[in-house]
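Notes follow the structure.
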Amino acid sequence: MARTATMRPTTYDFDAVEQKWQRRWEEQDLYRVAEDPSKPKYYCLEMFPYPSGKLHMGHVRNYSIGDVVARYKRMRGFNVLHPMGWDAFGLPAENAAIQHNIHPSPWTWDNIDNMRRQLKRLGISYDWSREVASCHPDYYRWTQWLFLQFFKAGLAYKKRSPVNWCPNCATVLANEQVVQGRCERCDTPVTTRELEQWFFRITQYADRLLEDLDNLPGWPEKVKIMQRNWIGKSHGVEIRFPIKGMDEVLPVFTTRADTIYGATYMVVAPEHPLVPRLIADSPDRAAIERFIEDVRRQDEIARTAEEGEKLGMFTGSYCVNPFTGEDIPIWIGNYVLMGYGTGAIMAVPAHDQRDLDFARRYGLPVRVVIAPKDGPMPDAATMTEAFVDDGIMVNSGPYDGLANREGLERIADEVERRGIGQRRVQYRLRDWLISRQRYWGCPIPIVYCGQCGIVPVPEDQLPVLLPEDVAFKPTGQSPLVEKEEFVNTTCPHCGGAARRETDTMDTFVDSSWYFLRFCDPHNKNEAFARDKVDYWMPVDQYIGGVEHAILHLMYARFFQMVLADLGLVTAERPFERLLTQGMVLKDGAKMSKSKGNTVDPDAIVRKYGADTARLFILFAAPPERDLEWSDAGVEGAYRFLNRVWRLVGDLVEELGPLPAGQAAPGQDAAAEDLRRMVHRTVQRVTQDIEERFHFNTAISAIMELVNAFYLYKESGGPRDRAVVAEGLEKLVLLLAPFAPHLAEELWEMLGRSGSVHEQPWPAYDPEAVQADTVEIVVQVNGRVRDRLWVARDASEEEVRAAALAMPKVQEHIGGRPVARVVVVPGRLVNVVVAG
RNA sequence: GCCGGAGUGGCGGAAAGGCAGACGCGGGCGACUUAAAAUCGCCUGGGCAAUCCCGUGCGGGUUCGAGUCCCGCCUCCGGCACCA
């Protein structure tokens, strides 16, 4: 249009705009919050990052999603806590120390500085005054304090336990550091060693952690299922088999007590404590011991190789099947795990595939004791697939003919009546091993005294500081071990010479309570004040990657439960709602340095600005789905923002200052159409955010509104100032959570004062959303044949009559009798004819 | 092997039993321009055209009506993986 300005550029200076508003937010402390009992609170949290040095697109996505939620809830009148911090202990810092000869501490803090700068440049609405870093003594002091509370409650204990050991690096490896049974650093095959390790007694909470999943309707079903499987509760029977010629019993755990008549041999784990006595009289003792040593060494490789071979040896001992009275041989097998059940099983090859494989390899007898309800009886001599379904009991003495599930209960009853065992529940979940033979972690606050034994460091002596002046040598050993000033100490109890624990804690411990520290981050006297935590907790919306579905999310739930039991917090559950975002892909694969398909957020922000980067990521896919990166798509988001900027600029320039507030119905049809579109868009965007977190469709609705606005503007017809003013105001408010900088700029262009992020979320008028007439689809036999415009409140009869009167409808009816007419008010008519 | 999730235009994706493909990308055409870019419009699943027909991984079913619900498969992605 000639009368719209001609001198204005077609793109806005995103760099100037974004920096201007970021500066203003910071000056005004816009996102700083404090407890305010007069307002409803909302705690929005994204998983805090490990400070690797640079943000990747997964981070940008995570924090963009969280920022939409935080900004939206703020506009909805909530007192929103939206903090950020650093999961700053961990192995990469130590690897960098060894490789680049730089101490983990400055390496980490430099990384934090850079990532903080990146986050600020993205304009995420964090309350930066609450920033925490788990590697700071002000933080880990309280991690240590929490450890002591666990210790006092009997939930932290020490025991000997097998660990992954790299003989080349001479150190312990975490499970994650073992790749295909080899050391991730030097590729040496990993072996097993026994070490004294600290554990948290999470198994004591197994049942509650399981049950409480039912109280988390706001969590994805997928995550809850993964946790259920991880906890792995199963009901079974422990049965003690007398060992022949020994005053000793062999307890086994089985979920299939109904198959006990088919038990033809026993298998114990190589580490089973009875093994030395079982093999004492065997002529093959030396060979067996060699075999056990082999299994132990190959354990990790065999376990990670697909379908590890089942190997074993006969111990020379027998036990007695308490139901058949038969002698059955006891074997040692690599497929029986010491850590589950009793470390021993009764093998029923006919009804368990693993037992069958083992039996076939070593020629052990197979006996079918469950017959299929229909279909042929498996042939014990030739079967290669175990029959594991339910059926009818056979070859089972007095239990023959019973349904096996019924028989299972009867046999369990009999076991208990005879006092040779009892029903029990078994979990797959193990206690949480928290000891790490690492430097860059939270020191475990324990000293060992020759006189007093294990002595916790008194709370008033915390923190146990991590010494900074240590040398990193590529020995793989924690430098703490050789740091005499650290190791040598005095016993807090008797004052005698003592040694410090040199292990540090698993970093998952640090991240199991950070959401509590965010509630009270500067507290010098406590980990957190009860009233502050009780005001903010639980986290209303937690957002992060699905890779934390099991460990982090389970450990955090465990911590919160324990702390509630200890009376330190009120909320029993840390995270009310959970959103697991999808991955960011490029060319169909996850972005990774090794694949060379990464996109640098800094480069995108430099080229297009933060608003564009955020808008693209939110628009390209719904949050839970994987997102395919597209440079052209980013370009599209950039174009859209410029389009909005031009729209607002042109109309303001054309019409001058615009009045605030709600518009009356439009002065003509075009204005009324636009007004309806404005209100419909407010309704759609609100529903998409509120009910489904479908930000992609929310943004597409805003795009449609902008398109409608352009049609109105370009038509050159008369302007309805009130409708335009209201429309632009609502448009800018709707855009605020998605493109926070541009929204501020446009708000200012509209001549409005105050931050757009402090305005209330726009409302829609339900009357304005409704059109007077609606289009009805007319179908004949389910196929669309025509359309029909009727009054909004037309009766079913009127619609039916109007539809039947249409020529095209009559044509397709073709004189056949009308069997039925389905009328869906406001939507469609379906005329059903025979044939 | 077990447990999840997903298969829709050239691409990312819409559609919570009711017009399949909203919105965006890509492509085409037009306006503006000396020209190009930018911008503003219009068109864009396939069948050469159609008012007709076909189309949401495959095969069945329920329904007036199915991308959506049910049964049986196939493919891809993710998690667990000798848990007795």
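Protein chains get the first letters and strands the later ones, always in sequence-line order, with residue 1 at the start of each.
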Once you apply a heavy-atom cut-off of 4.0 Å, does [X] come out as touching a base, just sugar-phosphate, or nothing?
X	answer
A:Asp355	nothing
A:Arg428	base
A:Ile345	base
A:His351	nothing

What is the per-nucleotide protein-contact pattern of nucleotides 59-71 of chain B, from the 5' end, where B denotes a base atom under 4.0 Å from a protein heavy atom, S denotes such proximity for sugar-phosphate atoms only, and - denotes neither? -----BS------
Once base and sugar-phosphate atoms are separated, protein heavy atoms under 4.0 Å mark nucleotides 23-31 of chain B, 5' to 3', with B, S and - as BSSS-----
Hey, are [X] and [Y] close enough for a salt bridge, meaning a charged N less than 4.0 Å from a carboxylate O?
X	Y	result
A:Arg785	A:Glu811	no
A:Arg423	A:Glu409	yes
A:Asp650	A:Arg646	no

OP1, OP2 of [N] versus side-chain N and O of [X]: anything below 4.0 Å?
X	N	value
A:His694	B:G13	no
A:Asn696	B:G12	no
A:Tyr710	B:C40	yes
A:Arg785	B:C52	yes

Please check if atom CZ in A:Arg680 has more than 12 non-hydrogen atoms from other residues, nucleotides or ligands closer than 6.0 Å.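 No.
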Is it true that atom CZ of A:Arg360 has more than 12 heavy atoms of other residues, nucleotides or ligands lying nearer than 6.0 Å?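 Buried by this count: over 12 neighbours within 6.0 Å.
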How would RNA chain B look in dot-bracket form, 5' to 3', counting Watson-Crick and G-U wobble pairs with both distances under 3.5 Å and writing | for bases paired to another strand? (((((((..(((.....[....)))((((((.......))))))(((....)))..(((((..]....))))))))))))....
May I ask you to check whether A:Phe199 and A:Trp432 place their ring centres under 6.0 Å from each other? no
Looking at the rings of A:Phe695 and A:Phe619, which for Trp means the six-membered one, are their centres under 6.0 Å apart? no
The side chain of [X] is closest to which nucleotide in this list: [options]?
X	options	answer
A:Leu711	B:A38, B:C42, B:G18	B:C42
A:Thr255	B:A84, B:G13, B:A15	B:A84
A:Lys310	B:G78, B:C82, B:C19	B:C82
A:Val336	B:A84, B:U39, B:A16	B:A84
A:Tyr340	B:G18, B:A84, B:A14	B:A84
A:Arg827	B:G18, B:C80, B:G4	B:G18

Supply the atom-to-atom distance A:Leu711 CG to A:Lys713 NZ, rounded to the nearest 0.5 angstrom.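 So the gap between those two atoms works out to 11.0 Å.
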What's the separation between atom CD in A:Gln581 and atom CG in A:Leu579, rounded to the nearest 0.5 Å?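 CG of A:Leu579 is found 7.5 Å from CD of A:Gln581.
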Can you classify the ring geometry of A:Phe358 versus A:Tyr265 as parallel (below 30°), tilted (30 to 60°) or perpendicular (above 60°)? parallel
Please confirm whether any donor atom in the side chain of A:Arg625 sits under 3.5 Å from an acceptor in the base of B:A6, or the reverse. no
Syn if the chi torsion is within 90° of 0, anti otherwise; quick check, which is B:G9?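 Glycosidic conformation of B:G9: syn.
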